[in-house]
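Notes for the one structure printed next.
Values below: all heavy atoms of this structure, side chains included; hydrogens, waters and symmetry mates excluded. In listed order, ligands and their atoms are each counted from 1.
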Amino acid sequence: MGRVYNFSAGPAVLPEEVLKEAAAEMLDYNGSGMSVMEMSHRSKVYDDIIKTAEADLRELMGIPENYEVLFLQGGAWTQFSAIPMNLMKNGVADYIVTGQWAKKAWQEAQKYGKAVKVASSEDETFSYIPDCSDLPIDDDADYVYICENNTIYGTKFWNLPNTKGKDLVADVSSCFLSEPVDVNKYGVIYGGVQKNIGPAGVTIVIIRKDLIREDLAEYVPTMLRYKTHADAQSLFNTPPCYGIYICGKVFKWLKANGGLSAMKTRNEEKAKILYDFLDQSEMFKGTVRKEDRSLMNVPFITGNDELDAKFVAESKAAGLENLKGHRSVGGMRASIYNAMPKAGVEKLVEFMTEFEKNNK
Ligand SMILES: *Cc1c(COP(=O)(O)O)cnc(C)c1O
């Protein structure tokens with residue numbers, strides 16, 4: 001069997017060019033006589049890999065000098081605790097709860113201080129983004145937290161919340177590098193790379209330098225202090241070397257393909273194909289308020305569990321993998337990240353059209 005169209009929410013599809021390059025370099029990276037997996041993270045060869053990756057990411061996102069870029073481990077989940085431990089100075093933070101990931105981050109933060117839920121869309125199973133133009137932001141809140149793209153529910157903040165001057169912290173795991181971004185609007189942008197950038201095991205944290213503090217509670221583990229990693233340029237201990245190398249290749253791929261504005265155009269085109277189909281279909285329905293739709297994760301249902309199961313089984317047989325929805329939503333979900341080719345989305349819509357015809 002050849003390669004399938006992989007609609008997994010994460011770990012997810014990667015650019016085929018990147019995988020081929022990595023395969024070609026597997027036994028001998030750039031004349032070093034060894035795989036990147038086998039080399040010291042203190043070697044000159046590896047230093048070039050991680051420095052180049054950071055430089056390319058800075059160029060792609062236009063990351064200003066007063067922000068630090070950290071390549072860490074532990075997934076987005078580890079940041080759910082690292083963020084309050086590092087950023088809570090007054091011990092207060094405001095959370096906008098738009099899905100499971102934001103909710104988990106909010107619950108975790110309660111262990112370290114007063115984490116206030118200032119808005120939520122849980123009343124309608126997280127199918128929309130609440131109005132965040134005038135929230136009751138606490139005067140002494142250290143930051144306002146969002147999950148910018150809700151991987152499970154398929155919603156996206158198309159306008160950032162009015163934080164009333166507080167620093168914005170955003171989990172962008174599932175929309176990282178999917179469109180241009182103004183980094184200056186954030187105190188912290190972070191995400192696990194396994195959705196839209198690279199293999200699981202790398203978490204990227206982009207943090208404004210003045211938020212990196214030394215005077216933390218004694219109990220904060222060395223490994224969870226941003227200062228530890230900022231001072232060592234992500235080489236305090238052994239970083240996820242191979243994963244960072246693949247991320248670096250994806251950054252090069254993005255640059256070669258026109259950067260983030262070109263990605264946005266491509267992603268809009270792909271999502272439109274699928275949403276246009278959903279909007280005219282009599283069988284399939286999108287589950288999200290239209291103006292809040294994600295370009296990355298597209299959940300849809302037939303309204304009939306048996307038909308959903310049949311769809312998932314038959315689509316898999318047709319080479320369209322991982323379309324089963326998240327266990328908390330049911331139905332289907334197509335994740336159409338940067339590396340999903342337009343042909344994959346076209347094939348999906350073709351399949352859905354046929355399925356609808358055959359199951360009337
Ligand atoms: C997948 C995901 C997470 C969890 O990431 P881990 O790396 O598994 O900890 C958190 N937030 C968002 C938005 C996600 O998509």
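- Remark: ligand 1 and T151 share an N or O pair separated by less than 3.5 Å (distance only, no angle test).
- When only non-hydrogen protein atoms are considered, atom 7 (O) of ligand 1 lies nearest to Q194 NE2, 2.8 Å.
- Ion pairing between a basic and an acidic side chain is recognised when a charged N comes within 4.0 Å of a carboxylate O; E306 and K310 show no such pairing.
- By the 4.0 Å N-to-carboxylate-O rule, R208 lies close enough to D167 to be salt-bridged with it.
- Ligand 1 places these atoms under 4.0 Å from at least one heavy atom of W77: 9 (O).
- Between D134 and K164, at least one side-chain N (NZ, or NE/NH1/NH2) sits under 4.0 Å from a carboxylate O, which counts as a salt bridge.
- Ligand 1 has G75 within reach: a non-hydrogen atom of the residue lies less than 4.0 Å from it.
- A salt bridge between K255 and D56 is present, with a side-chain N of the basic residue lying under 4.0 Å from a carboxylate O of the acidic one.
- Heavy-atom contacts of C147 reach the following atoms of ligand 1: 13 (C) (cutoff under 4.0 Å).
- Of the protein's heavy atoms, D171 OD2, 2.6 Å lies nearest to atom 11 (N) of ligand 1.
- When hydrogens are left out, the protein atom nearest atom 1 (C) of ligand 1 is K195 NZ, 1.5 Å; that is the closest non-hydrogen contact.
- Within ligand 1, the atoms closer than 4.0 Å to a non-hydrogen atom of S173 are 11 (N), 12 (C), 13 (C), 14 (C), 15 (O), numbered from 1 in the order shown.
- Both the backbone and the side chain of A76 come within contact range of ligand 1, each with a heavy atom under 4.0 Å.
- A salt bridge links K249 and E25; the closest N-O separation between the charged side-chain nitrogens and carboxylate oxygens is under 4.0 Å.
- Cation-pi geometry between K104 and W101 is met: the NZ or CZ atom falls under 6.0 Å from the ring centre, inside 45° of the normal.
- K272 has no carboxylate O lying under 4.0 Å from a charged side-chain N of E268, or vice versa, which leaves the two without a salt bridge.
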